[in-house]
Amino acid sequence: MRRAFPPLGSPLQLLLLACLFALAGYAGVRLLSDDWLGVTLWFVGAAVLHDLVFLPLYAAVDRAVTGVLGTAGRRTWTMYVRVPAAFSGLLLLVWFPLISGRVADGYESATGLSADGFLARWLLITAVLFGGSALLLVLRLRRETKQRPPADH
């Protein structure tokens, strides 16, 4: 008779999950050891800012793009705008201090790198993302027109 595993997963999965919880707990304790109030305020502020400002903002932009493409009869093109915009936005979010030029005084001495040029690089990466997406769309449209049977007149 075969013994059934509990619905939580195999013993290896449970062991890995316990190890990950221990690691997350250790990281949390280390993170909160110095300035727990500042870290807590930062997390709560980030969550509130995201949920009350950014989520409605990018949902409205997505709805506008979907609506414009939908009225043009090109609703299937939406993902060709969403994906590069999401990656570009994520890069902007992660590198915002460097892109905006708001860098701490000790950045260059701490990293050995110049803080110049991040805006230009981000714009270049964004252009490449949208250009690659447009190229994929053109290739898809070209393939669809080749596969389409000729219309009878």
Side-chain angles (χ1 to χ4, degrees), residues 7-9 13 16-151:
L8 296 175
Q13 288 174 329
L16 288 174
L17 186 64
C19 289
L20 288 175
F21 276 127
L23 181 64
Y26 173 73
V29 167
R30 292 288 302 217
L31 181 68
L32 296 174
S33 66
D34 293 332
D35 184 20
W36 66 270
L37 181 62
V39 172
T40 305
L41 285 174
W42 186 86
F43 272 112
V44 170
V48 168
L49 185 67
H50 174 267
D51 291 349
L52 295 180
V53 177
F54 291 130
L55 181 65
L57 182 67
Y58 58 73
V61 169
D62 182 66
R63 182 163 288 210
V65 167
T66 304
V68 167
L69 291 175
T71 57
R74 307 282 189 233
R75 190 174 177 100
T76 58
W77 293 8
T78 304
M79 291 308 291
Y80 293 95
V81 175
R82 274 184 190 160
V83 172
F87 280 122
S88 177
L90 183 63
L91 287 173
L92 177 64
L93 181 67
V94 170
W95 297 104
F96 182 75
L98 292 169
I99 291 170
S100 67
R102 296 180 184 174
V103 184
D105 292 332
Y107 176 78
E108 287 189 36
S109 62
T111 63
L113 301 172
S114 172
D116 298 333
F118 278 89
L119 175 62
R121 286 183 222 141
W122 174 72
L123 289 172
L124 181 64
I125 290 171
T126 300
V128 167
L129 286 170
F130 277 97
S133 183
L135 179 66
L136 288 174
L137 177 61
V138 167
L139 291 173
R140 175 186 166 202
L141 293 174
R142 191 168 180 205
R143 187 183 66 226
E144 286 177 359
T145 57
K146 284 184 179 181
Q147 291 176 352
R148 192 176 304 150

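These numbers come from a predicted model, not from an experiment.
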Drop me the distance from L57's CG to L52's CG, to the nearest 0.5 angstrom. 12.5 Å
Could you check if a side-chain atom of T76 sits within less than 4.5 angstrom of a side-chain atom of R140, using non-hydrogen atoms only? yes
Spacing of L123 atom CG and I99 atom CD1 [to the nearest 0.5 Å]: 8.0 Å
Here the gap from L49 atom CG to L55 atom CG, rounded to the nearest 0.5 Å, amounts to 11.0 Å
CZ of R121: more than 12 outside heavy atoms within 6.0 angstrom? yes
Least distance between heavy atoms, T126 atom then S88 atom: OG1-OG, 2.8 Å
Would you say D62 and R82 make side-chain contact, with heavy atoms under 4.5 Å? yes
Answer whether the closest heavy-atom distance between the side chains of L141 and T145 falls below 4.5 Å. no
Heavy atoms only: give me the nearest F130-V81 pair and the separation to one decimal. CE2-O, 3.9 Å
Could you tell me whether the side chain of T66 and the main chain of R63 form a donor-acceptor pair under 3.5 Å? no
CH2 of W122 to CG of L92: how many Å apart, nearest 0.5 Å? 4.5 Å
Please name the pair of heavy atoms, one in R75 and one in G70, separated by the smallest distance, quoted to 0.1 Å. CB-CA, 4.2 Å
Quick check for you: to the nearest 0.5 Å, what is the distance between L119 atom CG and W95 atom CH2? 14.5 Å
Can you tell me if S133 uses its side chain to pair, donor with acceptor, with the backbone of L129 under 3.5 Å? no
Calculate, to the nearest 0.5 Å, the distance between atoms CG and CG belonging to D35 and L41 respectively. 8.5 Å
With a sphere of 6.0 Å drawn around OH of Y58, does it hold more than 12 non-hydrogen atoms of other residues, nucleotides or ligands? yes
